[in-house]
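Please read all numbers here as calculations on a predicted model, not as lab measurements. Naming: A, B, ... by sequence-line order, numbering from 1 per chain.
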Amino acid sequence: SIATVCAPAASATTLKVATLAPEGSVWDQAYRDMGQAWADGTDGAVTLRLYGGGVAGDEPATVRKMRIGQLHGAVLTVAGLQVIDPVFAVFEIPMFFDSYAELEHVLDAMRPDFEQRLDAAGYAMLGWSQAGWVHLFSTEPVRTVDELKTLKLYSWAGDTSTATMWRQNGFQPVSVASTDILTGLQTGMLEAVPTTPLAAASLQWFRQTPYMQDLGFAPLVGAIMVSKRAFSRLDPVHQKVLRQAGQTTEDRLFEDVPARDSEAVAEMSKRGLEVVEVPAEHEQAWRDAAEIFADHRRQGLDDKAFLDRVRAVRDAYRAAHDTP
Amino acid sequence: MSAPPPADAPATSGGPSTRSRSTLGRWIDRVESGVGGILFLAIVFLLTTEIVLRALGGVGVPGALPVVRHLTLWLAFLGAALAASDDKMLALATGQLMPEGRWRSGARALASTVAAAATALLARASFDFLAVEKEFGDVVAYGVPVWVALLVLPASLVLVGLRLVLHAGAGPARAAAALGLVGGLALGHWPQAMDGWPVVPVLAVFAVAMLAGAPIFAVLGGVAVVLFAVDAVPMAAVPVETYRLAVSPTLPAIPLFTLTGFLLAEGKASQRLIDVFRALVGWIPGGTAVVAAVVCAFFTVFTGGSGVTILALGGLLFQALGADGYRERFSIGLLTASGSLGLLLPPALPLILYGIVAEVPIPDLFLGGVLPGLLLVALIAAWGVREGVLMDRLRKATTGVSHRASFELRTAGAALWRAKWELLLPGLLVGAILGGVATPVEAAALSVVYVLLLQCVVHRDLHPLRDLPRVLRECTVLVGGVLIILCVAMGLTSYLIDAQVPMQLLEWVQAHVSSPLVFLLMLNLFLLLVGCLMDIFSATVVVVPLIVPLGLAYGIHPVHLGIIFIANLELGYLTPPVGLNLFLASYRFERPLLSVYRAALPMLAILGIGVLLITYVPWLTTALLGS
Ligand code: NA
Ligand code: NA
């Protein structure tokens with residue numbers, strides 16, 4: 001365990017950090033190594049105590065625990081980041097990013113802006129995290145937008161405005177709690193769920209949804225962060241060590257995670273998953289549907305200009321690399 | 001072991017309460033009861049509307065789910081305040097073992113003082129949490145901020161604290177409790193005073209208070225707050241978890257199924273069910289005993305582990321058994337054991353709560369519990385048949401005639417027809433869930449609507465204006481008493497996780513136990529001990545997070561682990577000295593505790609065999625689960 005690996009020094013600070021990543025996963029290992037780097041780089045003055053596998057609660061609960069000061073940090077995905085600042089909704093927009101390369105460029109270019117926003121909300125960002133690319137998993141093959149409209153699509157329970165938007169555009173959103181997804185798939189209450197291949201494999205959802213669309217929906221982006229209340233108490237030299245270790249972890253996840261996506265798909269394919277190819281002539285229809293979603297998200301933001309800036313950075317990258 | 005509030009049960013946190021209320025007190029009570037009833041009905045209405053709108057292809061009521069969850073939070077804490085007002089907070093029944101007079105009133109004064117201090121600490125901690133949330137302005141729905149929803153926490157805790165003082169006893173006792181309340185508030189203001197306190201004496205004080213009859217919620221919550229403060233972690237860590245559990249998506253199923261049980265217990269539904277099973281199995285030897293086991297199991301499925309079954313059915317069944325010539329000791333033992341039969345059968349509350357805490361799909365637990373649940377019912381029924389055969393033989397020897405009833409198709413048909421609506425309910429519920437029509441929570445709401453229609457319209461056993469408010473109030477009190485325990489127990493669990501206890505336990509057990517069979521045996525012994533000391537609800541919240549990683553490490557199927565857990569705790573209801581059913585039976589049948597202990601011993605042995613079978617034959621659990 002981390003607690004025993006890192007023998008605390010005389011005036012050691014232990015930072016409690018929570019993540020949903022299960023123990024033994026590629027993320028768990030990366031964060032533990034990050035903790036080792038903290039301890040090594042600060043001569044044991046700063047150590048990490050990791051609460052993995054969601055034992056500290058879901059992401060909104062994790063945010064509340066950071067606010068009251070029980071937890072010092074967390075690795076949050078968009079679900080938790082949106083509680084802190086709604087602009088992180090940009091990472092939820094389907095087909096906003098086309099590839100990891102494009103995503104990496106935008107994350108790098110916009111890093112100071114996102115860092116600043118988190119700083120304003122009371123958090124020091126140590127690095128980006130990657131949880132995989134979200135695809136549509138369904139009980140029937142889905143090639144066209146119209147085919148998706150015939151299926152009951154999972155829609156997060158708390159977000160009625162998104163469900164209404166789906167409904168108005170002819171889809172069949174079903175609002176249930178995320179804990180009810182597996183049950184919903186088993187009983188037929190749900191027929192399509194957007195999720196990452198890794199989650200579909202480890203949560204066993206894919207047994208109920210044997211079809212995965214090849215067209216990726218969105219990257220599941222996260223951030224490694226520590227509350228400023230805890231971070232500002234550290235020695236500036238130690239702060240630098242933490243930032244460096246965060247960057248190392250970010251680089252490592254960018255390198256490891258994309259490969260894990262395809263490994264998970266290969267593994268599930270052996271056990272009956274079928275990857276459904278979207279015909280080229282239907283791709284534009286999917287992009288148009290995604291654009292409706294993007295518009296809806298943009299309307300919900302106070303700072304619309306920020307979203308537009310992210311889009312501009314992405315478009316500049318696309319122009320320079322000659323992609324649509 | 002914890003006592004249920006209905007019908008002035010004896011094992012609540014103390015003796016007779018001061019019944020005389022001031023006019024103001026009555027008004028406050030009326031407002032609280034009214035709001036509680038409205039919350040209940042609003043939750044039912046919103047969830048039922050969701051099902052209907054989804055069936056019609058709509059998106060549902062905007063924000064219905066977050067609203068329902070926060071209404072449940074309010075219901076829980078309002079109910080707790082009402083329970084405190086009635087002096088019916090759930091507490092250990094050990095106070096009953098104490099001699100009447102000076103000792104008992106002294107114990108009550110001590111218990112009230114510690115409980116008042118703990119409640120004050122919890123109130124302050126929730127206020128701290130509220131103040132932090134207010135800074136950030138998260139919204140529930142319709143622009144209502146989360147902090148406004150959270151106001152119910154400190155408000156009702158303050159009310160509970162004041163009521164604990166009021167019910168502490170005579171002048172000096174009340175003064176001591178008031179001092180406890182003030183002391184708690186002072187400590188809450190300077191929590192750094194508790195930093196580094198020695199843990200063992202703190203735990204000892206709370207343990208003594210618990211034995212003296214302090215409400216369980218105050219003990220668990222007080223321990224959690226103080227332990228966090230000792231580690232210099234903000235006390236708000238407890239209410240954060242309270243809030244997390246209270247607004248968890250499946251929690252509303254607990255109050256809703258409890259309400260279903262309360263509504264069913266009204267009127268003549270129990271008599272109708274007894275008639276059916278008597279007509280069906282009354283002709284076999286020991287038929288009436290079998291009927292008692294089956295009817296109790298049927299009821300407990302809906303009333304959960306709350307003890308309502310013994311209180312609601314005990315009298316009727318005790319009479320029926322006596323009339324058929326069963327020995328009193330046998331009858332008491334049988335009914336005491338039957339009061340917790342059915343906890344493994346869907347949709348019993350312990351299954352739902354286990355699903356919430358362990359994050360196991362609830363329909364899987366429902367399916368997994370069927371065979372083990374039926375096994376336990378069958379074992380008790382078999383014991384009844386044995387008694388019936390012995391009785392019959394004795395009668396034949398003395399009088400020369402057998403007294404057995406004969407099976408009559410016409411009677412059975414008529415009884416079945418009269419009870420058809422009640423008998424349809426379990427099938428309807430399980431069908432709605434497995435058929436994808438409703439989530440477990442929505443199915444719970446559906447069952448309330450169904451039983452309401454049944455009792456108010458079809459049978460007219462329940463008058464919507466004369467009776468319903470009373471039933472809603474009784475149910476709110478029970479639900480509040482249970483949910484507040486769950487909510488603060490989450491805080492204690494959070495402390496254990498914060499201190500990395502599950503991880504250390506896992507490492508220790510893995511280092512010392514290699515065989516899964518030995519692990520299961522240890523688990524049985526451990527859970528039996530837990531069952532003796534804790535009620536099923538707080539045990540689920542506190543202990544499940546400790547054993548889930550262990551079960552995974554030893555390759556126990558997660559559903560099987562849940563069924564083992566609940567089956568073991570079911571035994572705990574019967575285990576002297578503090579099993580809940582023992583106290584209820586003593587109260588209901590007006591017999592001394594010791595004679596109830598004696599009567600329950602054979603049942604304990606029989607159910608023990610059942611629990612071992614459930615533990616070591618995983619097939620019983622996994623057979624219906626499929627792949
Ligand atoms: Na969770
Ligand atoms: Na659920």
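For a residue to count as touching a neighbouring chain, one of its non-hydrogen atoms must lie under 4.5 Å from one of that chain's; by this rule B:Val437 touches chain A with the backbone only. Looking at B:Glu133, only its side chain comes within 4.5 Å of chain A, counting heavy atoms on both sides. Only the side chain of B:Glu241 has a heavy atom closer than 4.5 Å to any heavy atom of chain A. Proximity to chain A (any heavy atom under 4.5 Å) is shown, for B:Asp128, by neither the backbone nor the side chain. For B:Ala438, the part lying under 4.5 angstrom from a heavy atom of chain A is the backbone only.
Ranking B:Ala141, B:Ala131, B:Ala237 against chain A, the residue ahead of the rest is B:Ala237, based on heavy-atom pairs under 4.5 Å. If you tally non-hydrogen atom pairs under 4.5 Å between each of B:Tyr243, B:Phe129, B:Phe228, B:Phe136 and chain A, the highest count goes to B:Phe136. Per-residue heavy-atom pair counts under 4.5 Å with chain B were compared for A:Lys65, A:Gln172, A:Lys152, and the maximum is reached by A:Lys65.
Atom OH of A:Tyr211 sits in a crowded spot, with more than 12 heavy atoms from other residues, nucleotides or ligands closer than 6.0 Å. For CD of B:Gln510, the number of neighbouring non-hydrogen atoms (other residues, nucleotides, ligands) closer than 6.0 Å is greater than 12. A:Lys228 NZ: more than 12 foreign heavy atoms inside a 6.0 Å radius.
Salt-bridge formation is detected for the pair A:Arg67/B:Asp138: a Lys NZ or Arg NE/NH1/NH2 atom is positioned less than 4.0 Å from an Asp or Glu carboxylate oxygen.
Here CG of B:Leu73 is found 5.5 Å from CG of B:Leu153. Values are rounded to the nearest 0.5 Å.
Between A:Phe114 and A:Phe88, the angle of the ring planes lies from 30° to 60°, which puts this pair in the tilted group.
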